[in-house]
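Please read the structure below before turning to the comments.
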Amino acid sequence: MLDARFIRENIETLKKALEIRAYDIDLSGFLGMEQERLVLLKESEELRNKRNVVSDEIGKLKRQKQQTDELVAEMKGVSDRIKEIDEVLKGIEEKTRLFLLNVPNMPHESVPVGKDETENVEMRKWGDPKKFDFEPLNHWDLAETLGIIDFELGAKIAGARFSLMRGAGARLERALMNFMLNLNTSKGYEEVFPPLLVNRESMTGTGQLPKFAAELFRTIDPEFYLIPTAEVPVTNIHRDEILREEQLPVYYTAYTPCFRREAGSYGKDVRGLIRQHQFNKVELVKFVKPEDSYVELEKLTADAEDILRKLGLPYRVIVLCTGDMGFSSAKTYDIEVWLPGQNKYREISSCSNFEDFQARRANIRFKREGKKGTEFVHTLNGSGLAIGRTLVAVLENYQQKDGTVIVPEALREFMGMDLIK
RNA sequence: GGAGAGGUGGCCGAGCCGGUCGAAGGCAGCCGCCUGCUAAGCGGUUGUGGGGGUAACACCCCACCCAGGGUUCGAAUCCCUGCCUCUCCGCCA
């Protein structure tokens, strides 16, 4: 969420930002709405002041057993008037709030301008796509032959876009999770395991609601939302808090299952593990001081990359252009891993700096030593990494001609085997 | 699920027969004084958001005693609803 006062004073800046983000939001009514709000607010406050003063007076007169009927009658009128104004004010404030919740974040100046994913910019590449002396298989063929992932059972038990992993497949999933958590915690991230169902406030705090309700699973009674990413519960750890300056930066890492409706992605990645309603992910989340957030974004991205390097998986890093960025983000790097079975790079991590956008929604602030007032922190997060897709990458990159899969060095202690056959 | 108790400032904790309460007191913290020995004592000070104001401070006003409604000239205090916490019983991994 952006600051109402900021928009009031920088409406042209916002207009340009929305344009390059390819967001069509009507800003015309906003200034008038704000003006009306401020006028009413002032009137309401002045009347309250009068009521406070006179009510005080009434108290004093009563103690002296003096006549107060006239004043009481007058104040009754004042109170009624306040009530009227406040009702109108409330309506305007609600409209303002809804408006603000639907305005996306503004891109950082370093973000390339572009209309869609075709204009994203590659930053760097690591590793060379492996050459195979045979035709590499898709992970779903590979996994089904090995008997380690069963998509039909997933469909039988739950439905499309679900799968069941067994034996070495389930083991590999767990190995990846442990490997990633161990690595992340060794870099100073505190491991947390949060609730997987959250309330509406948490979803609003990180920006999923109200705009993206269609992408969420939810329970009916009582109402909860299944998290689409650990970003939601972990960022909300500090909702409505004022942190001390010396507490920052705060780093968290969390393994969680994630649940996504994937509405509107019919026909996309229907086969395999790439796009599931339920998948596992290890997430990295940071709370930092504003002046540090862009350095922290580089470090966070590097931490995610490190996982791929240690696994020996080739990847590239791209920066998303203005037209392709997520709603809450000011700058996003995607890390894409090489998948020989598909002969292309696929997203495996998305690392974003939200600046104070989420912090304002979730009311996460900090206080500088010796300074008056508070400031919003900057929040960042990134996958480190999506486990299902990492598993896909391992299978496809480490497959052999006979259909077996070599276990990457880094995973062997967790797998207790060096070959999946 | 049943029966009780409770949610107050960074923390502890008064107030809760409505007005003198942004809220006693203590602790912690900060500033200063005093004291020659890690301590104690004394005085002062310390919340957040919004609106106005200023070159910037200062300052003024409004709101906030879990949240949302209600009663009243006036509510931390009374009433209703919700959320959360604790205790006991039941049930359960």
Side-chain angles (χ1 to χ4, degrees), chain A residues 1-9 30-101 193-205 209 218-225 233 236-248 250 257 356 358-377:
Chain A
M1 181 161 64
L2 299 174
D3 184 26
R5 176 151 32 178
F6 172 85
I7 298 179
R8 239 188 274 154
E9 291 163 3
F30 182 75
L31 290 183
M33 203 158 72
E34 274 294 277
Q35 196 176 25
E36 192 185 354
R37 185 174 74 81
L38 291 177
V39 167
L40 288 172
L41 186 64
K42 193 163 181 217
E43 194 181 348
S44 171
E45 286 191 351
E46 278 166 0
L47 287 173
R48 277 166 198 275
N49 178 236
K50 182 172 184 185
R51 185 178 69 182
N52 287 346
V53 171
V54 175
S55 288
D56 230 47
E57 190 62 26
I58 291 172
K60 280 181 193 139
L61 290 174
K62 279 212 162 162
R63 251 169 283 131
Q64 296 164 10
K65 304 274 187 245
Q66 295 197 31
Q67 175 69 5
T68 58
D69 292 359
E70 254 175 60
L71 287 178
V72 168
E74 192 191 339
M75 284 311 104
K76 175 128 189 79
V78 170
S79 275
D80 289 344
R81 178 74 188 130
I82 291 174
K83 216 169 266 184
E84 278 172 33
I85 294 171
D86 283 356
E87 211 140 305
V88 180
L89 201 52
K90 225 167 128 182
I92 295 175
E93 279 170 351
E94 181 57 21
K95 266 168 69 184
T96 302
R97 198 181 71 88
L98 272 179
F99 172 83
L100 290 174
L101 284 177
F193 187 75
L196 307 180
L197 276 68
V198 302
N199 57 31
R200 173 177 288 274
E201 289 72 45
S202 292
M203 282 295 181
T204 307
L209 289 178
R218 88 188 148 103
T219 63
I220 304 297
D221 185 23
E223 181 184 89
F224 285 115
Y225 292 86
N236 277 283
I237 287 174
H238 295 296
R239 174 152 50 90
D240 293 321
E241 255 194 83
I242 300 173
L243 297 157
R244 283 171 290 112
E245 181 176 13
E246 64 267 25
Q247 281 179 271
L248 298 173
V250 181
D356 63 6
Q358 285 182 332
R360 184 172 290 109
R361 282 177 165 241
N363 194 27
I364 307 169
R365 294 168 290 166
F366 77 103
K367 193 173 178 58
R368 283 191 203 271
E369 199 67 43
K371 270 207 166 181
K372 274 191 109 167
T374 59
E375 292 175 53
F376 289 109
V377 302

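Throughout, protein chains are lettered first and strands after them, A, B, ... in sequence-line order, and every chain is numbered starting at 1.
- Between A:R48 and B:rG74, a side-chain N or O to OP1/OP2 separation shorter than 4.0 Å is absent.
- Residues of residues 72-80 of chain A having a heavy atom closer than 4.0 Å to RNA chain B, listed by number: A:V72, A:M75, A:K76, A:S79.
- By the salt bridge (charged side-chain N to carboxylate O under 4.0 Å, His left out) test, A:E93 pairs with no residue at all, sequence neighbours left out.
- Across all strands, A:L41 comes closer than 4.0 Å only to sugar-phosphate atoms, never to a base (heavy-atom distances).
- Considering only side-chain N and O atoms, A:K367 lies under 4.0 angstrom from the phosphate OP1 or OP2 of B:rU48.
- Applying the ring pair (Phe, Tyr, Trp, His ring centres under 6.0 Å) test to pairs two or more places apart or on separate chains, none has a residue in residues 58-97 of chain A.
- Using a 4.0 Å heavy-atom distance criterion, A:R5 is classed as a sugar-phosphate-only contact.
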### Query
Quick one: what's the B/S/- string for nucleotides 56-61 of chain B, heavy-atom cutoff under 4.0 Å, read 5' to 3'?
--S--B
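- What you find for A:A359 and A:V377 is that their closest heavy atoms are CB-O, 3.2 Å.
- Under the Watson-Crick or G-U wobble criterion, with both distances below 3.5 Å, B:rU20 has no partner in any strand shown.
- Across all strands shown, B:rC86 forms a Watson-Crick or G-U wobble pair, both distances under 3.5 Å, with B:rG4.
- A:R8 comes within 4.0 angstrom of sugar-phosphate atoms only, judged by non-hydrogen atoms across all strands, and of no base.
- Residues meeting the salt bridge (charged side-chain N to carboxylate O under 4.0 Å, His left out) test with A:R360, sequence neighbours left out: A:D356.
- In this structure, B:rA58 makes no Watson-Crick or G-U wobble pair, since no nucleotide meets both defining distances under 3.5 angstrom.
- Between B:rA76 and B:rG15, the distance separating the two C1' atoms is 8 Å to the nearest Å.
- Applying the side chain to side chain donor-acceptor pair (under 3.5 Å) test to A:E70 and every residue at least two apart in sequence or in another chain returns nothing.
- A:K62 comes within contact range of at least one nucleobase, with a heavy-atom separation under 4.0 Å.
- Around atom CD of A:Q35, no more than 12 heavy atoms belonging to other residues, nucleotides or ligands sit under 6.0 Å away.
- Searching all strands for a Watson-Crick or G-U wobble partner of B:rU81 with both distances below 3.5 Å returns B:rA67.
- Side-chain nitrogen and oxygen atoms of A:T374 include at least one within less than 4.0 Å of the OP1 or OP2 phosphate oxygen of B:rG49.
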